[in-house]
*Asks:* 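My questions will all concern the structure given below.
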Amino acid sequence: MEAAKMPTGSKYECLLFDLDDTLYPMSSGLNFACRKNIEEYMLSFLNMEESEVPKMCFELYREHGTTMAGLKAIGYEFDNDEYHAVAHGRLPYEKLKPDPILRNLLLSMPQRKIIFTNADKPHVDQVLRKLGLEDCFEGIICFETLNPSLEPSDYMDALDVDNDVFAGSEPANQVNFSDDSNSSYTLGGPKSRILCKPALEAFEAAIQIANLDPKKTIFFDDSVRNIATGKEAGLHTVVVGRSELVSGADHALNSIHNIKEAIPEIWEGEGEQPEQVNIQSTTVETVVLA
């Protein structure tokens, strides 16, 4: 099925989506399972004291954006792929089911659609495949995109959609920003530092890598902190899974399924800016620590 074509004069050019607890509900249980996996990694691979792991897990997440980023920042050295294999590779993905409602919504949206997540690429692939959304997005900006293993000088002019696409079973028209060797955004800093949301630098990198106009881009995320930074970066913002607006949010959605009711202008051409919209929800935000 082909995506809709964007009408002339459309207010928005791109829709930037977080992945976990945004494209699927927190009630899936993956959030809780991921947290337990991270704690297990800290115990078994980093030999931390069991009594201190839960508190440290949360504090590192709160201070550094993700537990992984925090562990690196305080001096722990470990293999990134090994960490992700435990944190995400052991998740109960069978709990995720195809979502034809969301699929039809996404394919009906005429704008570019890109995933922007702190998660690793294998996890993104698994989630999109389980939800039946693997061909609904133009590209993915993920852990590997913002934290390339190659030297920064090898990442010039990244967004060349005619050259680099996903290999193997990946959709032929989907751009793998993390594999593209022509990035226009140079990522520097010490190798031990992890670049991730909610850091403003991560948003600036995503905007430049995907060649976005923030004023014509809508950012969807369940994290209050990410929404605040997204607004600081100049994006239109939608907090997902909450009943009330939070700092920096232009819209609040109960579920990603409520997009059309809250932001109908996505499907329209020119039009006036609507008032802020709240779609009621009983969802409570939960910390994501990966």
Side-chain angles (χ1 to χ4, degrees), residues 17-97 99 115-131 133-134 140-149 178 189-199 202 221-226 240-241 283-290:
F17 291 89
D18 176 46
L19 181 75
D20 296 301
D21 300 325
T22 296
L23 295 186
Y24 63 87
M26 194 174 294
S27 59
S28 68
L30 262 68
N31 184 305
F32 178 78
C34 183
R35 194 180 327 149
K36 290 302 180 182
N37 289 345
I38 293 170
E39 292 179 1
E40 176 60 29
Y41 184 87
M42 295 168 71
L43 282 169
S44 301
F45 291 79
L46 302 182
N47 300 313
M48 294 185 177
E49 290 291 333
E50 184 173 3
S51 60
E52 297 182 4
V53 164
K55 180 181 178 181
M56 179 177 288
C57 198
F58 174 74
E59 290 181 347
L60 291 177
Y61 158 81
R62 184 175 59 184
E63 184 173 351
H64 298 278
T66 67
T67 303
M68 181 184 190
L71 288 169
K72 293 278 189 175
I74 64 175
Y76 282 94
E77 294 293 336
F78 51 86
D79 182 77
N80 295 337
D81 293 338
E82 178 186 75
Y83 178 93
H84 285 134
V86 174
H88 291 147
R90 301 177 181 179
L91 289 176
Y93 289 110
E94 67 275 5
K95 292 186 177 182
L96 297 179
K97 305 301 180 184
D99 189 341
I115 294 292
F116 178 31
T117 176
N118 287 335
D120 58 295
K121 180 64 165 47
H123 173 70
V124 179
D125 290 343
Q126 277 274 35
V127 170
L128 293 181
R129 193 155 38 242
K130 288 294 185 179
L131 294 175
L133 307 177
E134 62 267 39
I140 296 168
I141 297 174
C142 57
F143 176 85
E144 290 86 349
T145 319
L146 299 179
N147 302 277
S149 58
S178 62
K191 287 189 175 181
S192 61
R193 183 195 173 201
I194 299 295
L195 183 60
C196 61
K197 296 183 292 183
D221 203 303
D222 65 291
S223 166
V224 174
R225 297 192 301 175
N226 293 346
V240 180
T283 304
V284 177
E285 183 185 27
T286 300
V287 170
V288 179
L289 301 171

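We use all heavy atoms of the structure for the numbers below, so side chains are in, but hydrogens, waters and symmetry mates are not. It should be emphasised that the depicted structure is a prediction, and the values quoted were computed from it without experimental measurement.
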*Asks:* Would a 4.5 Å heavy-atom cut-off, applied to side chains only, mark Asp120 and Asp81 as touching?
*Replies:* no
*Asks:* Report the distance from atom OG1 of Thr66 to atom NE2 of His64, rounding to the nearest 0.5 Å.
*Replies:* 9.5 Å
*Asks:* For residues Pro92 and Leu30, report the shortest heavy-atom separation together with the two atoms involved.
*Replies:*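 Result for this residue pair: O-CD1, 3.7 Å.
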*Asks:* Starting at CG of Asp18, measure out to CD1 of Ile115 and round the result to the nearest 0.5 Å.
*Replies:* 8.0 Å
*Asks:* Hey, is CZ on Phe78 packed in by over 12 heavy atoms from elsewhere, all under 6.0 Å?
*Replies:* yes
*Asks:* Is any side-chain heavy atom of Tyr76 less than 4.5 Å from a side-chain heavy atom of Met48?
*Replies:*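 With C-beta onward as the side chain, the pair touches.
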*Asks:* Between Phe143 and Met68, is a side-chain contact (heavy atoms from CB on, under 4.5 Å) present by the stated rule, with each step listed?
*Replies:* CA-CA 11 Å; Phe143 176 85; Met68 181 184 190; 3.7 Å; yes
*Asks:* Can you tell me if Glu63 has over 12 outside heavy atoms packed within less than 6.0 Å of its CD?
*Replies:*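 Counting neighbours around CD of Glu63, 12 or fewer heavy atoms of other residues, nucleotides or ligands fall under 6.0 Å, so no.
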*Asks:* Could you check Tyr83 against Ile38 for side-chain contact (heavy atoms from CB on, under 4.5 Å), going step by step and ending with a plain yes or no?
*Replies:* CA-CA 8 Å; Tyr83 178 93; Ile38 293 170; 3.6 Å; yes
*Asks:* Minimum heavy-atom separation for Glu144 and Pro122, please, with both atom names.
*Replies:* OE2-CD, 3.8 Å
*Asks:* Side chain of Thr22, backbone of Asp222: donor and acceptor closer than 3.5 Å?
*Replies:*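 Answer holds: yes.
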*Asks:* What closest approach, in Å, do Gly65 and Pro198 show between heavy atoms, and which atom pair accounts for it?
*Replies:*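 So the two residues come closest at CA-CD, 3.5 Å.
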*Asks:* Do you know the tightest heavy-atom contact between Ala119 and Cys142?
*Replies:* O-CB, 3.2 Å
*Asks:* Would you check if the side chain of Arg90 reaches a backbone N or O of Ala33 as a donor-acceptor pair within less than 3.5 Å?
*Replies:* no
*Asks:* Run the side-chain contact (heavy atoms from CB on, under 4.5 Å) test on Asp125 and Glu134 for me, step by step, so that the C-alpha distance in whole Å, both residues' side-chain angles and the decisive distance to 0.1 Å come before the verdict.
*Replies:* CA-CA 7 Å; Asp125 290 343; Glu134 62 267 39; over 6 Å; no
*Asks:* Short question: side chain of Asn118, backbone of Lys197 - any donor-acceptor pair under 3.5 Å?
*Replies:* yes
*Asks:* With distance as the sole test, does Lys121 use its side chain to make a donor-acceptor pair with the main-chain N or O of Ile140 at under 3.5 Å?
*Replies:*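 No, the answer is negative, given that no donor and acceptor are paired below the 3.5 Å cut-off.
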*Asks:* Taking it one step at a time, do Val53 and Tyr41 satisfy side-chain contact (heavy atoms from CB on, under 4.5 Å)?
*Replies:* CA-CA 10 Å; Val53 164; Tyr41 184 87; over 6 Å; no
*Asks:* With rounding to the nearest 0.5 angstrom, report the CZ to SG distance, Arg62 to Cys57.
*Replies:* 12.5 Å
*Asks:* Between His88 and His84, what is the ring plane arrangement, given parallel below 30°, perpendicular above 60°, and tilted in between?
*Replies:* parallel
*Asks:* In a check of side chain to side chain contact (heavy atoms under 4.5 Å, CB included) between Lys72 and each of Ile194, Thr67, Asn147, which one passes?
*Replies:*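 One option only clears the test, and that one is Ile194.
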*Asks:* At their closest point, which heavy atom of Leu96 faces which heavy atom of Ser28, and how far apart are they?
*Replies:*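 Reported closest heavy-atom pair: CD2-CB, 4.0 Å.
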*Asks:* Looking at Glu94, I want to see if its CD is surrounded by more than 12 non-hydrogen atoms of other residues, nucleotides or ligands under 6.0 Å.
*Replies:*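 Atom CD in Glu94 is crowded, with more than 12 foreign heavy atoms closer than 6.0 Å.
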*Asks:* Tell me the closest heavy-atom pair linking Leu195 and Ala199, and the distance in Å.
*Replies:* CD1-CB, 4.5 Å
*Asks:* Rounded to the nearest 0.5 Å, how far does CD of Glu77 lie from CG of Leu46?
*Replies:*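 Result: 10.5 Å between the selected atoms.
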*Asks:* Measure the CG-CZ distance between Leu91 and Phe32 for me, rounded to the nearest 0.5 Å.
*Replies:* 12.5 Å
*Asks:* Give me the ring orientation class for His123 and Tyr93: parallel if the planes are under 30° apart, tilted from 30 to 60°, perpendicular past 60°.
*Replies:* tilted
*Asks:* Can you tell me how far the OG atom of Ser223 sits from the CG atom of Asp20, to the nearest 0.5 Å?
*Replies:* 12.0 Å
